[in-house]
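Position 1 is the first residue of the sequence, and the numbers go up from there.
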Amino acid sequence: MTITTHANFIPEIWSKEVISAVEQNLVLANLVWRFDADVKNAGDTIHVPNVTNLTAQVKVAGADVNPQANTEGVTNITIDQHREVSFLVEDITKAQSSYDLMSIYTAKAGYAIALAVDDTLAALATGFATNVGTYNTAITTDVILNGIEQLDLNDVPLDGRAFCFRPDVKRDLLDIDRYVSTDFVSKKGVENGKIGELYGVDTYMSTNILIAGTSTSNMLFHKEALALAMQKAPRTQSQYLLEKLGNLVVVDVLYGTAEMRDLFGVEVRT
């Protein structure tokens, strides 16, 4: 008796585990200015008034003061992004599968929705008027310091700043001796995408940073540089369809994004 003559007696085993597709670090939605509450109940556009500075003037003795009346503008956030992920599991598939396909793919649908939001925010990097570095060129200390200097010159608050780099940029940073220290490398390891600090700026890594060919648009920004308004947070709905003899699952989100303060962001090119 051999494995050939008795092949029908040898079972094939299906593991209880599955190999799930890897997922990217999604960090941007937690680092930007949020306006969810403003459109929670209704509306398709958020109007955010701009307030400019006043100017200190010389008071002339015996003369009236000179009241100032600035003409102010407005920045708009349009709620125009409605994304959905859906799938249907037929009864026969559900009955004959030894896996909980509904749970497995519902989790993947939720991730796809979060990825879409992150994609929209990452794409705003190229809209910043200020940029440092050169496309397809390894990052250097000068590039990092130039980016920080730009925010300093624009009077951007120190709190709320963040670097967001792709993994290849992290690798280049670790090749610079001064960054291989507890000042840069987080003692806790990667936590929600955060890998450490650069000159006091929280630093995050994500493979979802915008890349076009060999050009990478990393980001240095203050949270008020970009805005995210979720009118409908990601929701999961399911329905049994008699005509399909299966369960339809839909995950969707309704949101809008906008660049709020151009001088509060820098595109870091590598």
Undergrad: Looking at CG of N208 and CG of L28, how far apart are the two atoms once the value is rounded to the nearest 0.5 Å?
TA: 7.0 Å
Undergrad: According to side-chain contact (heavy atoms from CB on, under 4.5 Å), who are the partners of A114, at least two apart in sequence or on a separate chain?
TA: L26
Undergrad: Mind checking what makes side-chain hydrogen bond (donor to acceptor under 3.5 Å, both in side chains) contact with E267, not counting sequence neighbours?
TA: Y135, S217, R269
Undergrad: Is there a donor-acceptor contact under 3.5 Å from the side chain of T93 to the main chain of V89?
TA: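 No, T93 side chain to V89 backbone: no donor-acceptor pair under 3.5 Å.
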Undergrad: Testing the 3.5 Å rule here: is there a donor-acceptor pair between the side chains of D91 and Y240?
TA: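 The answer is yes; a qualifying pair exists.
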Undergrad: Salt bridge (charged side-chain N to carboxylate O under 4.0 Å, His left out): which pairs involve residues 147-163, sequence neighbours left out?
TA: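 Applying salt bridge (charged side-chain N to carboxylate O under 4.0 Å, His left out) to every pair that reaches into residues 147-163, excluding sequence neighbours, yields D152-R161.
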Undergrad: What side-chain hydrogen bond (donor to acceptor under 3.5 Å, both in side chains) pairs are there with at least one residue in residues 229-238, not counting sequence neighbours?
TA: R235-D252
Undergrad: Determine all donor-acceptor pairs shorter than 3.5 Å in which one atom belongs to a side chain in residues 60-70; sequence neighbours excluded.
TA:
from : atom 1 : to  : atom 2 : distance (Å)
N66  : ND2    : Q57 : OE1    : 3.1
Q68  : OE1    : T55 : N      : 3.1
Q68  : NE2    : T55 : O      : 2.6
N70  : ND2    : T52 : OG1    : 2.9
N70  : ND2    : N53 : O      : 3.2

Undergrad: Could you tell me whether the side chain of I77 reaches within less than 4.5 Å of the side chain of T257, counting heavy atoms only?
TA: no
Undergrad: Any side-chain heavy atom of M230 within less than 4.5 Å of one from V253?
TA: yes
Undergrad: Got a donor-acceptor contact below 3.5 angstrom from the S97 side chain to the Y99 backbone?
TA: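 Side chain of S97 to backbone of Y99, a donor-acceptor pair under 3.5 Å: yes, one is there.
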Undergrad: Enter the distance from I195:CD1 to Y204:OH here, rounded to the nearest 0.5 Å.
TA: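 If I round to the nearest 0.5 Å, the distance is 10.5 Å.
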Undergrad: Test of understanding: clusters of I, L, V, M, F, W, Y form through side-chain heavy atoms closer than 4.5 Å, transitively. Do V249 and L241 belong to the same one?
TA: no
Undergrad: Within this structure, what is the CG-CD distance for the pair L248 and Q239, rounded to the nearest 0.5 Å?
TA: 7.0 Å
Undergrad: Describe, in one word, how the ring planes of F165 and F163 are oriented to each other, choosing from parallel (under 30°), tilted (30 to 60°) and perpendicular (over 60°).
TA: parallel
Undergrad: Side-chain contact, heavy-atom cut-off 4.5 Å: L228 with F35?
TA: no
Undergrad: Supply the atom-to-atom distance I144 CD1 to L173 CG, rounded to the nearest 0.5 angstrom.
TA: 5.0 Å
Undergrad: side-chain hydrogen bond (donor to acceptor under 3.5 Å, both in side chains) with D202: which residues, sequence neighbours excluded?
TA: K194
Undergrad: Could you go step by step and tell me if D175 and R171 meet the salt bridge (Lys or Arg N to Asp or Glu O under 4.0 Å) rule?
TA: CA-CA 6 Å; D175 202 32; R171 185 254 179 246; 3.6 Å; yes
Undergrad: Does the side chain of N50 pick up a donor-acceptor pair with the side chain of T75 at under 3.5 Å?
TA: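 Their side chains do contain a donor-acceptor pair, which is all the 3.5 Å distance test asks for.
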Undergrad: Please walk me through it: do F264 and D262 pass side-chain contact (heavy atoms from CB on, under 4.5 Å)?
TA: CA-CA 5 Å; F264 276 42; D262 184 66; over 6 Å; no
Undergrad: Can a donor-acceptor pair be found, under 3.5 Å and without considering hydrogens, that links the side chain of T120 to the backbone of A116?
TA: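 Yes, T120 side chain to A116 backbone: donor-acceptor pair under 3.5 Å.
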Undergrad: Any donor-acceptor pair under 3.5 Å linking the side chain of T216 with the backbone of N218?
TA: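 No; zero donor-acceptor contacts below 3.5 Å.
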Undergrad: Cut-off 3.5 Å, side chains only: do T45 and N76 have a donor facing an acceptor?
TA: no
